[in-house]
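Here the structure comes first, spelled out in structure tokens, and everything after it is commentary.
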Amino acid sequence: MMRPAVRADPLPRARSSWTIVRRQFMKSRLGVLGLAVLSVLVVVALLAPLLANDVPIVARYQGSLCFPAFPTYLDSFPLPGVVVDWLRRLRIGDGNPFSDFYPELGRKSWKETIATDWDPSRGDWYIAPPIFSGYREINAFKLRPLETTRWGPAPDQVETHLLGTDGQGRDVLARLIHGTIVSLSVGVVAVSIYVIIGVVLGLIAGYAGGWIDTVLSRITEVVMCFPTFFLIITMIAFLPKSIYTIMLVIGLTRWTAIFRLMRGEVLRVKTLEYCDASRALGAPPRRVMFRHILPNAIQPVFVTATFGVAAAVLTENALSFLGFGVVPPTASWGEIVAQGREFVGEGLFYLAWAPGLAIFITVTSFNLVGQALRDAMDPRLRT
């Protein structure tokens, strides 16, 4: 009688390095907390025009269905002109929510129309944002911050500002929500710019060596000699003030740390055995650089980039606080702090503390995520 063949157990699948990093990252409670807070901030930024606006999200007025809040996305987000034109040409259902179509309101605003001309009996209805105030809307009836004020010709319509208004009568909470767009956009875009510059130059310098490495290293040392913040202020003084200028200037002045880190990693990786084997098999330099060196040298860059986003957010708000940032009435947390400090002596300290707390929470969350990511990528700390 023949014995049944014993089936060997399959070998366990090897886990990728990113899987190991993700599992190690999830063990850090502070890192997960920071990531959760950043996720909430991203959702708030993406939904800002639907959370705080002086126009309804969707309305039916005089038989016309329209989406008044959606076109404000084109003004609230720093979108390229090509994207704006494409969104305006969209056709979704019976109409385009990003178009400029509105029912005939005359010279009245949506709030005034709702207060005076709204007639539910003919089918008029609307869905208002949770905060029915725009970040640019100036309350002409405002006397002091946090005072209950009125808008429109109807005296029974009362609008309450939960965090008060600034010195120009603009709702502070609405500007805080829209300021999330500016802070996250500047942080992510500016860091993306200098990460690309630093990675490309560091990869070229580390792999090519020779005079190319010498020239790029000397240029990096010259840029590092200048104080970064004052260099940014100097460049902004000669450029038009806009959110694009802030992104570009921060991106062009902070790439040196990424360059040095990437260059060092490339110098280490290119001497390993698998790179020598690839070159011995006749692989061209481009394949060696992008197929073997870059994927194994770029991991530490993500950690530095995470801390860099926090630094970029702090830089943008500092520039806005000093008056060198985005152009009002664009909402920025630094500009809100500058507006609120005028009323600190009157006991309205929260007008400055609320945006300051938002800056602190955002920067701290990015730093917690960066620290947890750094620990997760360190093989000496893996358990």
Would you check if R254 and T315 make a side-chain contact, meaning some heavy-atom pair closer than 4.5 Å? yes
Is the number of heavy atoms from other residues, nucleotides or ligands under 6.0 Å of R29 CZ greater than 12? no
Mind listing the closest non-hydrogen atom pair of A69 and P49 along with its distance? CB-O, 3.9 Å
Please walk me through it: do T220 and M224 pass side chain to side chain contact (heavy atoms under 4.5 Å, CB included)? CA-CA 6 Å; T220 303; M224 292 179 62; 3.9 Å; yes
Kindly indicate whether the side chain of V215, heavy atoms from C-beta on, has any atom under 4.5 Å from the side chain of W211. yes
Intermediate values then yes/no, side chain to side chain contact (heavy atoms under 4.5 Å, CB included), S185 and M247: CA-CA 8 Å; S185 298; M247 295 175 182; 3.9 Å; yes
Count I, L, V, M, F, W, Y as connected when their side-chain heavy atoms are under 4.5 Å apart, and connections chain through other members. Are V223 and F238 then in the same cluster? no
Do H178 side-chain atoms and G134 backbone N/O form a donor-acceptor pair below 3.5 Å? no
Which heavy atom of E265 sits nearest a heavy atom of P300, and at what distance? CD-CG, 3.9 Å
Go through M289 and K270 one step at a time and tell me if the side chain to side chain contact (heavy atoms under 4.5 Å, CB included) criterion holds. CA-CA 8 Å; M289 290 173 60; K270 76 175 186 179; over 6 Å; no
Taking side chain as C-beta onward, heavy atoms only, is W333 less than 4.5 Å from T362? yes
Check for me whether the distance between the ring centres of Y126 and W118 falls short of 6.0 Å. yes
Working to the nearest 0.5 Å, report the span between CD1 of I177 and CG of D171. 8.5 Å
Does atom CZ of R218 have more than 12 heavy-atom neighbours from other groups under 6.0 Å away? yes
Tell me, with the steps shown, if N53 and T72 meet side chain to side chain donor-acceptor pair (under 3.5 Å). CA-CA 9 Å; N53 215 326; T72 60; 3.1 Å; yes
Could you give the distance from CD1 (I258) to OG1 (T304), rounded to the nearest 0.5 Å? 5.0 Å
With a 3.5 Å distance limit and no angle check, can you tell me whether R170 reaches the backbone of Y135 through a side-chain donor-acceptor pair? no
Quick one: does F226's side chain get under 4.5 Å of I232's, heavy atoms only? no
Qualifying residue, where the test is side-chain contact (heavy atoms from CB on, under 4.5 Å) with S278 and the options are H292, E273, R291: H292
Please assess I197 against F259 for the test side chain to side chain contact (heavy atoms under 4.5 Å, CB included), listing each intermediate value before the final yes or no. CA-CA 8 Å; I197 296 174; F259 168 83; over 6 Å; no
Do E221 and S217 meet the criterion of a side-chain donor-acceptor pair at a distance under 3.5 Å? no
Where F25 and L35 come nearest, the two heavy atoms and their spacing: CE2-CD2, 3.8 Å
In terms of hydrophobic clusters joined by side-chain contacts under 4.5 Å, are V188 and V303 together? no
Working to the nearest 0.5 angstrom, can you tell me the gap between Y244 OH and L248 CG? 12.5 Å
When rounded to the nearest 0.5 Å, the distance separating OG1 of T253 from CH2 of W255 is 10.5 Å
Hey, are R341 and E335 close enough for a salt bridge, meaning a charged N less than 4.0 Å from a carboxylate O? no
Any side-chain donor near an acceptor of the partner, S242 and T245, under 3.5 Å: yes
Is it the case that T306 and R374 place a side-chain donor and acceptor less than 3.5 Å from each other? no
So I57 and P129, do their side chains get closer than 4.5 Å, heavy atoms only? yes
Find out if a path of hydrophobic residues (ILVMFWY) with successive side-chain heavy-atom gaps under 4.5 Å connects I361 to L368. no
Are more than 12 heavy atoms from other residues, nucleotides or ligands located less than 6.0 Å from atom CZ of F229? yes
Taking side chain as C-beta onward, heavy atoms only, is K111 less than 4.5 Å from S133? yes
For S183 and E316, work out which heavy atoms get closest and say how close. OG-OE1, 3.8 Å
d(I293 CD1, T271 OG1) to nearest 0.5 Å is 9.0 Å
Rounded at 0.5 Å granularity, tell me how far CG in L30 sits from CG in N367. 12.0 Å
Between F67 and F70, what is the ring plane arrangement, given parallel below 30°, perpendicular above 60°, and tilted in between? perpendicular
Would you call L47 and L50 a side-chain contact if the rule is heavy atoms closer than 4.5 Å? yes
Going by heavy atoms in the side chains, are L41 and L38 under 4.5 Å from each other? yes
Nearest heavy-atom contact between I246 and G325 is CD1-CA, 4.0 Å
With clusters defined by side-chain heavy atoms of hydrophobic residues (ILVMFWY) lying less than 4.5 Å apart, directly or transitively, does F290 cluster with L267? no
Say whether, by atom type as modelled, one donor and one acceptor occur between the side chain of R175 and the main chain of P329 under 3.5 angstrom. yes
Starting from Y207, can I reach I196 by hopping between I/L/V/M/F/W/Y residues whose side chains sit under 4.5 Å apart? yes
List the atom of T180, the atom of A45, and the distance in Å for their closest heavy-atom pair. CG2-CB, 3.8 Å
Take D213 and R263 through the test salt bridge (charged side-chain N to carboxylate O under 4.0 Å, His left out) and record every step on the way to the result. CA-CA 9 Å; D213 184 18; R263 175 181 174 273; 2.7 Å; yes
Give me the one residue out of L261, L294, V266, I204 that meets side-chain contact (heavy atoms from CB on, under 4.5 Å) with V199. L294
Sub-3.5 Å donor-acceptor pair from the side chain of N317 to the main-chain atoms of G334, do we have one? yes
